[in-house]
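These notes concern the structure reproduced below.
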2 protein chains.
Amino acid sequence: MDSRIHDILRRNQLSVTASREKILNLFLTNTRALAHADIEHKAGERFDRVTVYRTLQTFVEKGILHTIPTADNSVKYALCKNDCFEGHHHDNHYHFICSVCGKTECLEEFIIPSVKLPKEYLANNVEIVVNGICGACRKK
Amino acid sequence: MDSRIHDILRRNQLSVTASREKILNLFLTNTRALAHADIEHKAGERFDRVTVYRTLQTFVEKGILHTIPTADNSVKYALCKNDCFEGHHHDNHYHFICSVCGKTECLEEFIIPSVKLPKEYLANNVEIVVNGICGACRKK
DNA sequence: TAACTGTCTGCAACAAAGTTGCAAAATATA
DNA sequence: TATATTTTGCAACTTTGTTGCAGACAGTTA
């Protein structure tokens, strides 16, 4: 298994267990974001539902993964870039969901534009999710 | 009951029923967005869960309400402005959620900035949700 | 305003999603 | 390798959301 996996877990003070290695590996080998169900029903693997919930929760807390809110109200998870650390997510990129193939991806190369707010209001975090059709699906 | 309620329902070819009137009234008398649970457990009212689901779904389909995706993955509903009509939401505003009081509101006065996408990608809908602290909570 | 027609409601039963406690198993540390 | 600590997986449960259907209700027409 990829040596990065062991490093990531240890760097976050997490014991290296089989489930954590496998789940983290899914994210390292998939560019697209994954939902809870994608992981639980992954072909060739059988994870306990509870373990998946707890693992994902731990990874988010540690800043290894971040969540992507979607319009249909299903949470997806994606790898954070290296500069996230415990409790402080620095994901100032936005997300794209293809309405044809369902692919969900982080658009790391684009920075979130600044948004205006009413006086006295304080912004903490800005989530942007773009729905549309990805390049691959448009060519079909 | 507010005469606007009757008008809105009739304009959308919906029969005027007690549940629909009451639920719509909640939105007209609350400026903040409401979640399914807010409605179901509204003090003094007892709605059947199924009726609430179906009513909200119908209102969204008709363009009376729109949904707001939230980071914690719970859908909230808010009134659409008048120019939404069946199947075509024109909510090009964004949403603010106060992390102190939980208030969720539509920032109707600000237009969604244009977002950049990779070549060949097509944007259909852009959802922006700002998390932060509202003016009232900052003053406390 | 009575009768008819189509829509809406509420119940029951179910399916899916998420949570909690706990004993056994695995990991980390010394 | 032994011990302390963390993690897993099961069972049982709660919450959330869905479907079918019979009875109730709203809207229309005479």
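Throughout, a chain's letter reflects where its sequence line sits, starting with A, and its residues are numbered from 1.
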>> Between Ser15(B) and dC8(C), is there a contact of a side-chain N or O with OP1 or OP2 at under 4.0 Å?
In response: yes

> Quick one: Tyr53(A) OH to dA17(C) P, roughly how many Å, whole number?
Replying inline: 7 Å

> Could you state the CZ-C1' distance from Arg49(B) to dC8(C), rounded to the nearest angstrom?
Replying inline: 18 Å

> Using a cut-off of 4.0 Å on non-hydrogen atoms, how would the nucleic acid contact of Arg20(A) be classed: base, sugar-phosphate, or nothing?
Replying inline: sugar-phosphate

> Over how many whole Å does the gap from Arg10(B) atom CZ to dT28(D) atom P extend?
Replying inline: 5 Å

> Is the His66(A) ring parallel, tilted or perpendicular to the His93(A) ring (thresholds 30°, 60°)?
Replying inline: perpendicular

> Sub-3.5 Å donor-acceptor pair from the side chain of Thr67(B) to the main-chain atoms of Tyr77(B), do we have one?
Replying inline: no

> Atom CG of Asp48(A) and atom P of dA26(C): how far apart are they, to the nearest Å?
Replying inline: 15 Å

> Closest nucleotide of DNA chain C for Val50(B) versus for Thr17(B): which of these residues is on the 5' side?
Replying inline: Thr17(B)

> What is the minimum heavy-atom distance between Asp38(B) and Ala33(B), and which atoms define it?
Replying inline: OD2-O, 4.3 Å

>> To check you understand the geometry: which heavy-atom pair defines the closest contact between Val129(B) and Pro69(B), and what is its length?
In response: CG2-O, 3.2 Å

>> Once you apply a heavy-atom cut-off of 4.0 Å, does Arg54(B) come out as touching a base, just sugar-phosphate, or nothing?
In response: base

